[in-house]
Structure formats: C-alpha cells, structure tokens
Amino acid sequence: MLNFMCTTCGVQYNKSNYPPMYCTICSEERQYINPNGQSWTTLQLMKEKNFQNIIRFEEENLFSIQTSPKFGIGQTAYLVKNKGFNLLWDCVSYIDEKTIEEIKRLGGLDAIAISHPHYYSSKIEWAEEFDVPVYIHEDDQEWVTRQSDKIIFWSGESLELDNGVNIRRLGGHYKGGSVLEWQTGNEQKGVLLTGDIIQVVADPKWVSFMYSYPNLIPLPAKKVKEISEVVETLKFDRIYNAFHGIVKENGKLVIHNSANRYIEALEGTLFDT
C-alpha cells in the first residue's frame with residue numbers, strides 16, 4: 001500500500017493499493033483537475049527523479065524551503081526560529097535525507113502549522129520524521145486527505161504557539177484560512193507569513209485576496225473588509241507570501257490600501273467602465 005500524491009496540488013493521501021479516482025482538493029473551484037487528466041505519484045518516485053529541496057536564508061531566524069524542479073502548486077514553506085522554538089510554516093510535498101539533515105542542523109522542528117488545504121502536501125511525512133504536531137484550523141478538517149494523531153485541530157480566531165508566534169484565522173480563501181504573526185521577526189518589527197490567504201502581487205506595494213486563484217474568483221467586499229480589520233490588530237511590518245513574494249516594509253499600510261482598492265473595484269467606484 002502506498003501514500004499517493006496528486007501531481008497537480010501535491011497533497012498526499014492515506015495508504016491504499018490503488019490511487020484514488022480523483023483528488024478532492026483539486027476537484028472543486030479553488031483548484032482544478034489537470035486538463036490532461038488526474039495523475040498521481042509517490043514520494044519514492046520523486047526521489048528516483050532527483051527532486052531536491054532548496055533551503056535559503058531569508059533574514060535572521062527565517063529560512064525558505066522550495067522544491068526543485070517545481071512540483072504541484074510550487075509553494076514555499078518557511079522555517080521560523082523563535083528563541084529555541086522552531087516552526088515550519090506551510091509545507092512542501094518533497095522530503096529526503098538531505099532535507100532532514102539540513103533542518104536538523106538548523107535546530108530541527110518543534111511544530112508545523114499550515115495556512116490552508118492547498119499546502120497540506122506531505123505534512124504527515126514531515127511530522128513523523130521530526131515527531132512534532134501539525135496545527136490545522138478545525139474549519140478545514142474536512143479537506144485532510146491523510147489522517148494522523150499528529151494533527152491538532154485548533155479552534156477560534158487565534159492560537160499562540162510560542163511567545164510572539166501566533167496563528168490567526170482570517171478565512172476568505174478557505175473558511176479556516178490562517179496567517180502567521182511572528183512578532184519578534186524583522187528586528188522586532190514583526191513579520192506576517194500569509195500563504196496566499198493574502199497574496200503579494202507583481203507590484204509588491206500591493207496585495208490581493210481571492211476565493212480561487214486559478215479560476216479568478218474574487219472574495220466578497222465584506223470579507224476583504226473583515227480581513228483588513230483583523231490585520232490592523234496584528235504586529236508586523238514585513239510580509240512573506242507562499243511564492244516568495246515579499247513586502248519589505250509598511251506591510252500593514254499595504255494591506256489597508258490594497259483592501260480599500262479591492263473594495264472600490266468591486267463596488268465600481270475605482271474606475272469608469
């Protein structure tokens with residue numbers, strides 16, 4: 001029996017003799033089934049094809065992890081080091097001995113936290129290797145495709161994992177969609193790691209908000225206003241998204257201005273048509 005992984009989103013499933021008929025993550029409007037048809041792989045097959053993880057220093061106590069060549073959605077995971085507490089924020093599907101050794105060299109892991117289902121990837125492989133819990137908001141538990149007692153389903157609007165390290169539920173892209181508030185990062189000015197619950201766009205002076213990115217379905221103006229209001233209460237100045245998009249400074253103002261622009265566009269007051 002094997003843990004099959006969807007090649008389009010990279011999410012791993014419970015052990016089975018045969019691949020599932022379809023990927024539950026990809027078969028709804030926030031993702032998509034590959035036009036060439038549903039396809040599957042396994043971690044062992046990926047190892048045989050010479051995938052690797054590239055771990056980069058981003059800034060003090062923050063490292064990014066990306067898989068090469070690109071696999072699935074192609075997201076970036078982040079290792080946050082917070083005074084003896086190491087957190088993996090979001091996850092990638094690929095993991096091998098070289099990755100494990102490098103993470104251990106950086107101090108190992110104490111926990112994993114994931115923003116939303118598109119980045120569940122092979123979270124249990126990582127959790128079992130480092131013997132740590134995986135924090136997922138309970139509103140998204142229906143999307144978990146590989147069950148484990150390593151998973152902790154948290155509830156409410158926020159969860160403190162360590163001093164100055166908080167998961168904050170914003171919803172939007174997914175009901176349980178969350179961001180990570182790292183208050184001591186960026187020389188105590190704070191960092192917000194957003195996955196794509198809040199998406200840094202091509203011009204990093206702006207961000208955006210979507211229900212579905214591949215199918216270009218926007219969020220309602222009311223929800224974007226709610227997200228902006230919650231973000232105003234958090235401590236951060238810099239933003240990292242899931243695709244290495246970075247707002248280097250004034251992140252809170254960037255989100256505020258972007259939310260206003262987004263709402264004006266939806267309400268038809270931003271421009272004449």
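Keep in mind the model is a prediction, meaning the values are calculated, not measured.
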Go through the steps for W40 and Y13 under the test ring pair (Phe, Tyr, Trp, His ring centres under 6.0 Å), then give the verdict.
-> CA-CA 10 Å; W40 303 91; Y13 281 68; 5.2 Å; yes
Heavy-atom nearest pair, V11 first then P117, reads CG2-O, 3.8 Å
Would you say Y262's side chain and F209's backbone share a donor-acceptor pair under 3.5 angstrom?
-> yes
Okay, side chain of S155, backbone of F153: is any donor-acceptor separation there less than 3.5 Å?
-> no
Is the backbone N or O of N250 less than 3.5 Å from a side-chain atom of D237, with the two atoms forming a donor-acceptor pair by type?
-> yes
Start with the C-alpha gap between N14 and Q147, add the side-chain angles, then the distance that decides, and say whether side-chain contact (heavy atoms from CB on, under 4.5 Å) holds.
-> CA-CA 7 Å; N14 292 324; Q147 282 72 30; 2.6 Å; yes
Cation-pi check, R146 onto Y120 ring (under 6.0 Å, within 45° of axis) | no
For W126 and I103, work out which heavy atoms get closest and say how close.
-> CZ3-CG1, 4.4 Å
Report yes or no: do E58 and S64 form a side-chain donor-acceptor pair below 3.5 Å?
-> yes
With no hydrogens and no angle check, do the side chains of T145 and W143 hold a donor and an acceptor under 3.5 Å apart?
-> no
Between D110 (side chain) and N86 (backbone), is there a donor-acceptor pair under 3.5 Å?
-> yes
Are F71 and Y94 an aromatic pair by the rule of ring centers under 6.0 Å?
-> no
Side chains of N186 and F236 in contact at under 4.5 Å (non-hydrogen atoms) | no
Please step through side chain to side chain donor-acceptor pair (under 3.5 Å) for the pair D96 and Q52, ending with a clear verdict.
-> CA-CA 8 Å; D96 59 11; Q52 63 176 324; over 6 Å; no
N166 (side chain) donor-acceptor with L161 (main chain) under 3.5 angstrom | no
Spell out, as yes or no, whether a donor-acceptor pair under 3.5 Å connects the side chain of Y213 to the backbone of D196.
-> yes
Y240 and ring-ring contact (aromatic ring centres under 6.0 Å, His included): which partner among W182, W89, F63, Y78?
-> Y78
Enter the distance from R169:CZ to I197:CD1 here, rounded to the nearest 0.5 Å.
-> 10.5 Å
